Amino acid sequence: MWGGRFAAGPDAIMEAINASIGFDRRLAAQDIAGSRAHAAMLAATGILSDSDAAALREALLTVLSEIEGGRFEFSTALEDIHMNVEARLKELVGEPAGRLHTARSRNDQVATDFRLWVRARIDEALDGVAALQRALLAQAEAGADWVMPGFTHLQTAQPVTWGHHMLAYVEMFARDAGRLRDARVRLNECPLGAAALAGTSFPIDREMTARELGFDRPMANSLDAVSDRDFALEFLSAAAICAMHLSRLAEEIVIWSSAQFRFVTLSDRFSTGSSIMPQKKNPDAAELLRAKLGRILGATVALFTVMKGLPLAYSKDMQEDKEQVFDAADTLLLGLAAMAGMVRDMTANRPALEAAAAAGFSTATDLADWLVRAAGLPFRDAHHVTGSLVRLAEGKGCDLPDLSLEEMRAVHPAITAEVFDVLGVRNSVASRTSFGGTAPERVRAQIALWKERLG
Ligand code: ARG
């Protein structure tokens, strides 16, 4: 492509380090869409003849079908997807192929391709997140009022409802979707026509190519257009936070599916067996999801490290952007699908949840609150009295409701038989009616809202 300037071809090692065709072939469809838009624009502005543009646009479709059909021979000597496509165009249409690169450079070309690629993955990730939210919502609806222990420090804290716990993840994934949508808005400007870095002397129409490719507008500064990879970093950052959420849910599923908890049973479709222990049913998908953030966060750090300190405008360093993003996108999409499947299929074990909800003095806060409300104690004193009652029950090896009224009154005389009403887990969750609280009525209202939002 630059034979005019060079007397000798590259060393094999040079070719090996320089070539990106091994991975950027994944940009083929975007590269061809960009070239087709560019050809149409060159014809509309009179830079290229209509017949050349028509021939190029047609031949580009041929190349696309060859690539999609696995009939395209990629060449490392041709370095990257852009030059592989152009070389094949030359074979197909001859001379006009050499006119396609008028008023553009591989710098704006690759920036455009990559934006289109990331945009498509964002749209898929949004679908993936919505599917997962629907699966969580179905779980929430099935067990809106099932009582389970809520934890802090992974120690029993207060009873909550299964529906409430599921909805917490619906909220988390909604924020992930919001971040992806925000990133998409900023991504959706078109670099094409920035050319190498300075723009071009040809009378191009950048609005037209931007529109053709579904962008909102052309990027305003040609230097920025070819050197910006913020859109990839934003996608990776949003993906990393989402993968962190997947990891947290995955960890809960690992804990919940253990013989010690038995809060959920995973379906056979989403578990694995052991080659030596016949009784085992392992939550491998959840464990892998717990780990996958490592890859996505690794990709994020890698791309930040590539971009850090790069002067304007394009530097070849930026070719190192793609593999990280490709792997992170693949990982995120697979992870979302796996989690949606696992959640959809899993069965919550209501008796185990409810039995655990009552253990661990989970209604101690209700007792303290009652002492404040019914007996007028300052909360700090109520806290102390309740602590003494917990210690008493612990010593006797029983739960709070198993203490007799006399035993309780010996600790504080203001306690009456009414206290037993607040010691049950069902009453406890029903009383948490504050906005955002765990009461079944609140949970049901949130479920209704989410059903409307997710359609
Ligand atoms: N394969 C290159 C990349 O991915 C395309 C741009 C090459 N530009 C250049 N000036 N050498 O970054």
Side-chain angles (χ1 to χ4, degrees), residues 1-6 8-35 37-38 60 63 67 72 74-89 97-98 100-121 187 190-200 209 213 219 221-233 235-236 299 302-330:
M1 294 281 165
W2 41 75
R5 170 77 175 79
F6 283 68
D11 188 274
I13 298 292
M14 176 61 204
E15 199 173 282
I17 193 171
N18 198 40
S20 54
I21 188 60
F23 48 88
D24 69 10
R25 62 180 68 185
R26 290 189 71 175
L27 300 176
Q30 290 74 25
D31 196 65
I32 285 166
S35 286
H38 187 64
L60 281 161
V63 177
I67 293 175
F72 190 93
F74 291 102
S75 149
T76 310
L78 289 167
E79 212 180 302
D80 57 25
I81 184 64
H82 324 294
M83 301 213 285
N84 269 268
V85 171
E86 190 180 321
R88 179 71 184 124
L89 273 184
L100 178 60
H101 214 51
T102 313
R104 82 172 181 190
S105 144
R106 281 187 296 156
N107 297 349
D108 57 338
Q109 199 178 349
V110 73
T112 305
D113 295 0
F114 201 26
R115 275 178 191 256
L116 289 172
W117 195 91
V118 172
R119 189 176 73 185
R121 297 297 85 73
L187 167 150
C190 187
L192 196 60
L197 75 166
T200 175
T209 38
L213 295 168
M219 290 182 78
N221 182 301
S222 62
L223 291 166
D224 179 44
V226 294
S227 73
D228 171 53
R229 294 295 181 273
D230 291 0
F231 63 94
L233 288 167
F235 169 65
L236 288 175
L303 186 54
F304 268 107
T305 313
V306 166
M307 296 308 295
K308 174 194 169 294
L310 281 189
L312 296 182
Y314 177 85
S315 298
K316 194 63 174 251
D317 309 49
M318 290 158 69
Q319 181 168 286
E320 287 290 308
D321 57 359
K322 284 175 262 316
E323 284 168 291
Q324 304 296 342
V325 174
F326 291 164
D327 185 68
D330 292 345

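The figures that follow rest on heavy atoms only: side chains count, while hydrogens, waters and symmetry mates do not. For ligands, and for the atoms within them, numbers begin at 1 and follow the listed sequence. Small disclaimer: the values here were computed from a predicted structure and weren't measured.
Nearest protein neighbour of atom 6 (C) of ligand 1, counting heavy atoms only, is Tyr314 OH, 3.4 Å. The shortest contact between atom 2 (C) of ligand 1 and any protein heavy atom is with Gln319 OE1, 3.2 Å. Remark: minimum distance from atom 11 (N) of ligand 1 to any protein heavy atom is reached at Arg106 NH2, 3.4 Å. Here the protein heavy atom with the shortest distance to atom 10 (N) of ligand 1 is Asn107 OD1, 3.0 Å.
Near Lys322, meaning under 4.0 Å from one of its heavy atoms, ligand 1 places the atoms 3 (C), 4 (O), 12 (O). Using a 4.0 Å cut-off to heavy atoms of Asp80, the atoms of ligand 1 that qualify are 1 (N), 2 (C), 5 (C). With ligand atoms numbered from 1 in the order given, ligand 1 contributes 1 (N) to contacts under 4.0 Å with heavy atoms of Ser20.
A donor-acceptor pair is defined here as one N or O able to donate and one able to accept, closer than 3.5 Å; such a pair exists between the side chain of Asp108 and the backbone of Ala195. In this structure, the side chain of Asn84 engages the main chain of Ser75 through a donor-acceptor pair within 3.5 Å. In this structure a side-chain-to-backbone donor-acceptor pair under 3.5 Å is present from Ser105 to Asn107. Looking at Arg115, its side chain does come within 3.5 Å of a backbone N or O of Leu187 through a donor-acceptor pair. Judged purely by atom type and a 3.5 angstrom limit, His38 uses its side chain to pair as donor or acceptor with the backbone of Thr102. At least one donor-acceptor pair under 3.5 Å links the side chain of Gln319 to the backbone N or O of Asn18.
Counting heavy atoms under 4.0 Å from ligand 1, residue Glu79 does not touch it at all.
Looking at ligand 1, you won't find any N or O of His82 less than 3.5 Å from one of its N or O atoms.
Of all heavy-atom pairs spanning Ile21 and Asp80, the tightest one is CD1-C, 3.6 Å.
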